[in-house]
Amino acid sequence: MKTVFSPLHAGHSGQMELVAGEIVPGFEKPSRAEIIKARVETEKLGPILPPESHDVALAKRVHRADYIDFLPTVWERWEAAGKTGSAIPFTWPTRGLRGDVAPRTIEALLGFYSFDGGASFVKGTWDAIKSSHDVGLTAAHLVKAGERAAFALCRPPGHHAGAAFMGGYCFINNAAVAAQWFRDQGAARVTVLDVDYHHGNGTQEIFYDRADVQVINLHGDPMTEYPFFLGHADERGAGPGEGFNHNYPMPFGTAWDAWSASLDDACEKLAAYSPDVVVVSLGVDTFEKDPISHFKLKSADYPKIGRRIAKLNLPTLFVMEGGYAVDEIGVNAVGVLTGFEGR
Ligand code: 6XA
Ligand code: ZN
């Protein structure tokens, strides 16, 4: 399997995040991608290719244009306002406030275009976002060209990013952009299968009222787990999309037996939908030692995930999302891919 990777991810480094009352160094750090890349090499998964540049007009197929146009301007506006450190949002247009009027200052716009204080900017952030977008689309091209599967080693991740907001380390929703691109290239139906520990609220929002992209999420129950405000089992899609969104919220402590039962059920729904291509939002923060998550999967479980997905026998794009147990992130993420390849 070919991997697409860009060194430009590394400029998104040293950013702070707001989490549960504290401003802390981001768990989403460059070593994550570097360790996965090193494991791709030692496991001889296949060639590692640089991304080709793709127009962000493709991202605007699933994101609002004004949101995508805002992202490259953040850091220069932040510096022009005399600020340093990390650009972190702090005020959000929740219920009872105006979410329809874009304010003018950078500190206000950060809140306007986000849902939490978890996606923050430093100087190299936009270049990393753009490279991650390019990585996802370049890998999608490989699958379109006939590869059975490809691995988009995206960083930053994407699945929390909605049509017009960032959050949870995510800016552009790489998996959603790729799914839409496959549709635009002629795929009749596409499934996004999200196995990250956290609910992919952005992907769900983007495709919620559509029947042409099935979205399936396995994740920590939002009653107790981030992102808290989406991801319940009764969210099944709306209008023409009714019945094409499937959520599998699971409690803290969930281990392989229960998790894989959800995966089996999800794969049955996926197979019944009969998509032309599958986009896997591949997070490995389901791991028992993940520092911010509460499932109990073991390293030996990840190849089993890959084998189950391979049984679908469909063209498959793997898009990297979360995973913060850095020492094991390479073993676990690449374990899914080697499992997919039957080894
Ligand atoms: C709160 C936790 C963000 C989780 C990000 C993630 N700052 N999403 O891994 O999949
Ligand atoms: Zn996650």
Side-chain angles (χ1 to χ4, degrees), residues 17-24 26-28 62-64 67 70 88-103 108-120 156-176 192-210 213-239 241-254 262 266 281 283 285-286 290 292-295 321-322 324:
E17 62 171 299
L18 170 62
V19 54
E22 287 182 293
I23 294 183
V24 299
F27 283 92
E28 202 293 286
V62 295
H63 291 284
R64 224 167 66 190
Y67 170 62
F70 167 68
I88 308 180
F90 73 103
T91 311
W92 294 276
T94 187
R95 294 170 297 282
L97 299 177
R98 293 286 296 271
D100 60 326
V101 185
L109 285 165
L110 285 166
F112 183 72
Y113 287 121
S114 65
F115 76 98
D116 72 359
S120 44
H159 72 152
H160 295 302
F165 59 81
M166 55 194 187
Y169 313 147
C170 301
F171 303 87
I172 289 179
N173 193 319
N174 306 303
V192 180
L193 173 64
D194 188 324
V195 298
D196 187 281
Y197 172 76
H198 302 93
H199 178 250
N201 60 287
T203 314
Q204 173 169 314
E205 185 232 0
I206 285 167
F207 297 118
Y208 203 60
D209 60 358
R210 290 172 51 172
V213 180
Q214 180 192 46
V215 176
I216 307 179
N217 257 283
L218 281 66
H219 52 276
D221 188 337
M223 291 303 281
T224 48
E225 187 52 88
Y226 180 93
F228 305 120
F229 308 116
L230 210 65
H232 298 284
D234 65 353
E235 297 156 15
R236 303 198 64 254
E242 174 81 42
F244 297 101
N245 189 86
H246 303 283
N247 281 329
Y248 294 85
M250 289 171 270
F252 285 2
T254 296
S262 293
S281 268
D285 38 13
T286 47
D290 194 274
I292 66 169
S293 308
H294 302 276
F295 284 174
E321 303 281 2
Y324 310 95

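Basis for what follows: all heavy atoms, side chains included, without hydrogens, waters or symmetry-related copies.
Here the closest heavy-atom approach between residue F165 and residue H160 is recorded as CE1-O, 3.4 Å. Counting all heavy atoms, side chain and backbone alike, G111 lies closest to W92 at O-CD1, 3.4 Å. Across every non-hydrogen atom of G99 and P93, the tightest pair is CA-CB, 3.9 Å. Taking both residues in full, the closest heavy atoms of L109 and P103 are given as CD2-O, 3.1 Å, listed atom of the first, atom of the second, then distance. The two residues Y197 and E225 come nearest to each other via the heavy atoms OH-OE1, 2.5 Å.
Partners of H159 by ring pair (Phe, Tyr, Trp, His ring centres under 6.0 Å), not counting sequence neighbours: none found. Take H63 and apply the ring pair (Phe, Tyr, Trp, His ring centres under 6.0 Å) test, not counting sequence neighbours, and it matches Y67. Residues passing the side-chain contact (heavy atoms from CB on, under 4.5 Å) test with T91: none are found, sequence neighbours excluded. With sequence neighbours left out, the side-chain hydrogen bond (donor to acceptor under 3.5 Å, both in side chains) criterion links S293 to D290. Applying the side-chain hydrogen bond (donor to acceptor under 3.5 Å, both in side chains) test to S120 and every residue at least two apart in sequence or in another chain returns nothing. For A176, the side-chain contact (heavy atoms from CB on, under 4.5 Å) test picks out V62, N173, I206, F207, with sequence neighbours left out. Partners of Q204 by side-chain hydrogen bond (donor to acceptor under 3.5 Å, both in side chains), not counting sequence neighbours, listed by chain and number: H199, E235, N245, N247. Scored by the ring pair (Phe, Tyr, Trp, His ring centres under 6.0 Å) test, Y248 finds no partners at all (sequence neighbours excluded). With sequence neighbours excluded, no residue forms a salt bridge (Lys or Arg N to Asp or Glu O under 4.0 Å) with R95. Annotation: side-chain hydrogen bond (donor to acceptor under 3.5 Å, both in side chains) contacts of R64 (sequence neighbours excluded): D66.
With rounding to the nearest 0.5 Å, the separation of CZ in F252 from CE in M223 is 12.0 Å. The OG atom of S262 sits 11.5 Å away from atom CG of N217, with the distance rounded to the nearest 0.5 Å. For the atom pair Y208 OH and R236 CZ, the distance stands at 9.0 Å (nearest 0.5 Å). Expressed to the nearest 0.5 Å, how far OH of Y324 lies from CZ of F27 amounts to 10.0 Å.
Y169 contributes no side-chain N or O that, together with a main-chain N or O of A119, makes up a donor-acceptor pair within less than 3.5 Å. Between the side chain of E321 and the main chain of G158, a donor-acceptor pair closer than 3.5 Å is present.
Looking at P157 and N174, their side chains never come closer than 4.5 Å, going by heavy atoms from C-beta outward. Proximity of V19 to V24: side-chain heavy atoms (C-beta onward) are separated by under 4.5 Å at one or more points. Looking only at side-chain heavy atoms (C-beta outward), F115 and T94 stay at 4.5 Å or farther from each other.
Judged as a salt bridge (charged side-chain N to carboxylate O under 4.0 Å, His left out), not a single pair has a partner in residues 194-207 (not counting sequence neighbours).
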Exercise for the section: Could you check T286 against V195 for side chain to side chain contact (heavy atoms under 4.5 Å, CB included), going step by step and ending with a plain yes or no? Expected result: CA-CA 8 Å; T286 47; V195 298; over 6 Å; no

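Exactly one residue among H198, H219, H294 makes a side-chain hydrogen bond (donor to acceptor under 3.5 Å, both in side chains) with D285. That residue is H198.
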Using distance only, find each side-chain donor-acceptor pair of residues 226-234 under 3.5 Å and give its atom names and separation, not counting sequence neighbours.
from : atom 1 : to   : atom 2 : distance (Å)
Y226 : OH     : D116 : OD2    : 2.5
Y226 : OH     : G168 : N      : 3.1

